[in-house]
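To start, the structure under review is shown below, and the notes come after it.
This structure is a prediction, so every number in the text was calculated from the model and none was measured.
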Amino acid sequence: MKRIKELIINNLDIKALALFMAVVLWFYISSEYNIISEKYFEIEVTPINLNKNFSIKEIRDKVSVGIKGPQTIIENLSDSRITATIDLQNISNSGEFKVSVNIETPKNVEIIKIIPEEFHVLIERIIKKDYPIEYNLIGLPEKGYSLKKEPEINPNHISITASESVHNIIGQARIDIDISSINKDVNKKEKVKIFSKDGDVLKTLEITPEDISVSILVREGYPEKVLEIKPRIIGKPAPDFYISKIEANPNNFKIYGEFTKINYIEYLETIPIDVNGISKTLTVKISPNLMEGVYLSDDQETLTEVQIFVEERREELEFTNLIIQPREASPFIEYRLIPESAEVRVSGRQSLMENIRKDDITLFVNLSDTEKETVKIEAELPPNVTLVKIIPEEVIISIKK
């Protein structure tokens, strides 16, 4: 007992100080833990349980979450320990929906605010569509060789499974085929690339199949083709003139060259012909404009004679209330014409029509045959002026006896 009493009394001042410091420390820690703090976190939202036949087109990607709790916990809390999800399991159709946000936090903290509490989500269907496969040839075969025909592609279409909005921007399904320096038939596999309508490559799409079989047949020599020649015109004829006809002789040419060059050419153009200011027929001898890798056959003429015909523009004029004159009328009969005037429309070269006046045109009827009740109206016109129409075309003859 004496031993225990000595242990208690020994160094009593030090033990009292230690007890005092422990009590102070406990009160300090306790007060720190009881200080309440608030903090807001930006949390990424994760959609869950969406039917595999649908896709999210639009959704807000983050939510602001206000958290309250002990200061020591809040200060050490990171956004990675807070999760935000929206449950889409009840969505069974495409459209716009309002869905609540579910927030999960660590223990000993309280959610005081969620902004926004509900999300607007735009849902669209995932559909499968078929697309034809186009191809792009890269390079040229070895010199002296060309393709026999277009590459054979199998299959010639693919299926793409994607959302409706993705299908709306797809512009082309294409394979690139490298034929550089080949001199024999080739069979190989090529990957399909999907391009948007703006020419961008679209990745991570579900494509079936991804690999396409390509068969390329090669021949020695070059294929030939006969094409129509089309003169290329630049400039404009003189004022008030227009090109009425263009003729070329010969009007077609035989060419040869690499299949990939000539396969898609539908016609040949000449080098440019300047018609600026011409007012009469222009005749020139000129050569076709051939792209690189395309040649004229040895037995083919190298020039074509092009004739460009021009005419002055024609103008129509209309004159009204022209008096109809009777001719070859009997002096013993009094005639009356119904109507007594008519309207006439005429045409001619623009420069000529500028000077035509009403008095330059005469309308008349021939009354030599008194048996007729109606007579056709005729017109006398200035030289190089053409009659278009007389309204009315006939008059009624009324005879007073």
Side-chain angles (χ1 to χ4, degrees), residues 38-69 73-74 76-134 153 155-176 189-212:
E38 295 180 2
K39 189 176 181 180
Y40 277 82
F41 297 85
E42 290 292 318
I43 308 300
E44 290 191 3
V45 177
T46 304
I48 59 174
N49 298 327
L50 180 62
N51 187 298
K52 65 179 182 180
N53 295 320
F54 295 95
S55 172
I56 298 174
K57 183 178 181 182
E58 289 182 15
I59 186 174
R60 184 185 177 117
D61 58 353
K62 289 186 178 181
V63 62
S64 181
V65 181
I67 303 294
K68 181 173 73 173
I73 295 179
I74 296 299
N76 294 296
L77 183 61
S78 65
D79 54 10
S80 62
R81 299 183 61 193
I82 304 171
T83 60
T85 59
I86 55 171
D87 193 344
L88 304 176
Q89 64 177 341
N90 295 325
I91 293 178
S92 59
N93 206 346
S94 58
E96 186 173 356
F97 301 88
K98 188 182 290 186
V99 185
S100 298
V101 184
N102 180 45
I103 306 295
E104 292 186 6
T105 62
K107 295 179 180 179
N108 300 323
V109 297
E110 176 186 351
I111 298 172
I112 57 174
K113 193 73 174 177
I114 301 174
I115 306 174
E117 294 183 352
E118 292 183 323
F119 269 38
H120 288 275
V121 184
L122 189 58
I123 302 296
E124 59 183 345
R125 288 187 179 277
I126 294 177
I127 56 178
K128 180 186 285 188
K129 281 187 178 181
D130 289 344
Y131 291 86
I133 299 175
E134 301 178 35
I153 298 174
N156 58 10
H157 69 277
I158 58 165
S159 295
I160 299 177
T161 302
S163 64
E164 292 174 315
S165 59
V166 171
H167 282 294
N168 289 337
I169 66 170
I170 291 176
Q172 182 188 47
R174 192 183 81 196
I175 56 175
D176 294 326
K189 297 277 190 180
E190 296 287 358
K191 290 282 186 184
V192 181
K193 294 180 181 179
I194 309 301
F195 294 86
S196 71
K197 292 175 181 177
D198 294 329
D200 299 321
V201 177
L202 302 177
K203 299 180 180 179
T204 67
L205 294 179
E206 184 179 336
I207 304 171
T208 308
E210 292 185 351
D211 296 326
I212 304 300

How close do [X] and [Y] get, counting heavy atoms only, and between which atoms?
X    : Y    : result
I133 : P155 : CD1-O, 3.5 Å
I115 : V63  : O-CG2, 3.3 Å
P209 : V192 : O-CG2, 4.3 Å
I170 : K197 : O-CE, 3.7 Å
I194 : L205 : CG2-CD1, 3.9 Å
E117 : I114 : CG-O, 3.2 Å

Suppose the criterion is salt bridge (charged side-chain N to carboxylate O under 4.0 Å, His left out): which pairs have a residue in residues 60-69, not counting sequence neighbours?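 Qualifying pairs, neighbours excluded: K68-E110.
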Which residue pairs pass the salt bridge (charged side-chain N to carboxylate O under 4.0 Å, His left out) test when at least one of the two sits in residues 79-90, sequence neighbours left out?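 Of all non-adjacent pairs touching residues 79-90, none passes salt bridge (charged side-chain N to carboxylate O under 4.0 Å, His left out).
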T161 and K128: side chain to side chain contact (heavy atoms under 4.5 Å, CB included), yes or no, with the steps? CA-CA 4 Å; T161 302; K128 180 186 285 188; 3.6 Å; yes
Could you give the distance from [atom1] ([X]) to [atom2] ([Y]), rounded to the nearest 0.5 Å?
X    : Y    : atom1 : atom2 : answer
D176 : E190 : CG    : CD    : 7.5 Å
L77  : K39  : CG    : NZ    : 7.0 Å
D130 : T208 : CG    : OG1   : 10.0 Å
I158 : I153 : CD1   : CD1   : 11.5 Å
T85  : I43  : OG1   : CD1   : 12.0 Å
F41  : I74  : CZ    : CD1   : 6.0 Å

Quick one: does any side-chain atom of Q172 pair with a main-chain N or O of E134 as donor and acceptor, under 3.5 Å?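 Flag not set: sc Q172 to bb E134 has no pair under 3.5 Å.
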Can a donor-acceptor pair be found, under 3.5 Å and without considering hydrogens, that links the side chain of K52 to the backbone of I126?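 No; judged by distance alone, with no hydrogens or angles, the pair does not exist.
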Just to verify, what does D198 make a side-chain contact (heavy atoms from CB on, under 4.5 Å) with, not counting sequence neighbours?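 Scan of D198 (side-chain contact (heavy atoms from CB on, under 4.5 Å), adjacent residues dropped) gives S196, D200.
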If you define the side chain from C-beta out and look only at heavy atoms, does anything of [X] sit under 4.5 Å from [Y]?
X    : Y    : result
I59  : P47  : yes
I56  : L88  : yes
E124 : F54  : no
I160 : V166 : no

What's the verdict on side chain to side chain contact (heavy atoms under 4.5 Å, CB included) for Y131 and H167, showing C-alpha distance, side-chain angles and the deciding distance? CA-CA 10 Å; Y131 291 86; H167 282 294; 2.8 Å; yes
Between F195 and V201, does the side chain to side chain contact (heavy atoms under 4.5 Å, CB included) criterion hold? Intermediate values first, please. CA-CA 5 Å; F195 294 86; V201 177; 3.5 Å; yes
Show, in sequence, the C-alpha distance, side-chain angles and deciding distance for N90 and V99, and conclude whether the side chain to side chain contact (heavy atoms under 4.5 Å, CB included) test is met. CA-CA 10 Å; N90 295 325; V99 185; over 6 Å; no
Does CD belonging to E44 count more than 12 external heavy atoms closer than 6.0 Å?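 Not buried by this count: 12 neighbours or fewer within 6.0 Å.
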